[in-house]
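No experiment lies behind these values; they were computed from the predicted model shown.
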Amino acid sequence: DMQVSVTSCETWEEVLALVERDGDLFDFRNTSTAVHRVAKYGQEQSQLVREHPVFPQLLLFLRAKIKDLSGRSLSDAAWGLAKLQCRDERLFSLLAARALSIMSELDPQGL
């Protein structure tokens with residue numbers, strides 16, 4: 001299961017290596033979890049993370065999955081991007097639009 005692969009990574013480098021190898025197989029949950037895990041392990045090295053050659057690929061995967069994001073996965077992705085000080089205004093606009101489209105379904109954690 002791809003989700004287990006993502007959550008078993010213990011460093012941000014491992015997560016990005018998995019993204020490079022299998023990211024095209026990720027669903028929306030795997031993608032948002034990958035963003036969250038990269039941030040969890042890499043927030044102290046956010047510039048290195050953002051400069052890593054695979055990080056833009058992860059952002060592309062996230063953009064492609066935005067229309068499918070649940071409240072929880074949207075929250076995980078937004079938190080991760082914020083922790084990494086990612087300044088992709090277009091991506092945040094897309095996340096905000098998705099949040100508005102599913103607002104009635106969001107629980108307090110999703111908000």
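Under the salt bridge (charged side-chain N to carboxylate O under 4.0 Å, His left out) criterion, no residue pair touches residues 15-27, with sequence neighbours excluded. Pairs passing the side chain to side chain donor-acceptor pair (under 3.5 Å) check and including a residue from residues 80-97, sequence neighbours excluded, read Arg63-Asp88.
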Leu58 vs Val15, side-chain contact (heavy atoms from CB on, under 4.5 Å): CA-CA, chis, key distance, verdict: CA-CA 10 Å; Leu58 177 57; Val15 178; 5.6 Å; no
Leu95 and Leu69: CA distance, side-chain angles, deciding distance, side-chain contact (heavy atoms from CB on, under 4.5 Å) verdict: CA-CA 9 Å; Leu95 289 169; Leu69 292 178; 3.7 Å; yes
Working for side-chain contact (heavy atoms from CB on, under 4.5 Å), residues Leu48 and His52: CA-CA 6 Å; Leu48 279 176; His52 191 283; over 6 Å; no
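Taking the six-membered ring for Trp and thresholds of 30 and 60 degrees, Phe26 and Phe61 have ring planes inclined between 30 and 60 degrees apart.
For the residue pair Cys86 and Phe55, the shortest heavy atom distance occurs at SG-CE2, 4.4 Å. Taking all atoms of both residues into account, the shortest heavy-atom contact from Gly42 to Val49 is O-CG2, 3.8 Å. Heavy atoms only, all atoms of each residue included: Cys9 and Ser5 are closest at SG-O, 3.4 Å.
By the rule that hydrophobic residues join a cluster once side-chain heavy atoms approach within less than 4.5 Å of another member, Leu60 and Leu16 end up as members of separate clusters. If you chain together hydrophobic residues whose side chains sit under 4.5 Å apart, Trp79 and Ile66 never meet in one group.
Checked against side chain to side chain contact (heavy atoms under 4.5 Å, CB included), Ser101 has the following partners two or more places apart in sequence or in another chain: Arg98. When the side chain to side chain contact (heavy atoms under 4.5 Å, CB included) test is applied to Gln47, the partners found at least two apart in sequence or on another chain are Arg50, Glu51. Under the rule for a side-chain hydrogen bond (donor to acceptor under 3.5 Å, both in side chains), Thr31 has no partner lying at least two apart in sequence or in another chain.
Rounding to the nearest 0.5 Å gives a distance of 7.5 Å between OG of Ser8 and CD of Glu14.
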Expected list for residues 32-40: side-chain donor-acceptor pairs under 3.5 angstrom, two or more places apart:
from	atom 1	to	atom 2	distance (Å)
Ser32	OG	Phe28	O	3.3
Ser32	OG	Arg29	O	3.2
Thr33	OG1	Gln3	NE2	2.8
Thr33	OG1	Arg29	O	2.8
Arg37	NH2	Thr7	O	2.4
Arg37	NH2	Tyr41	OH	3.3

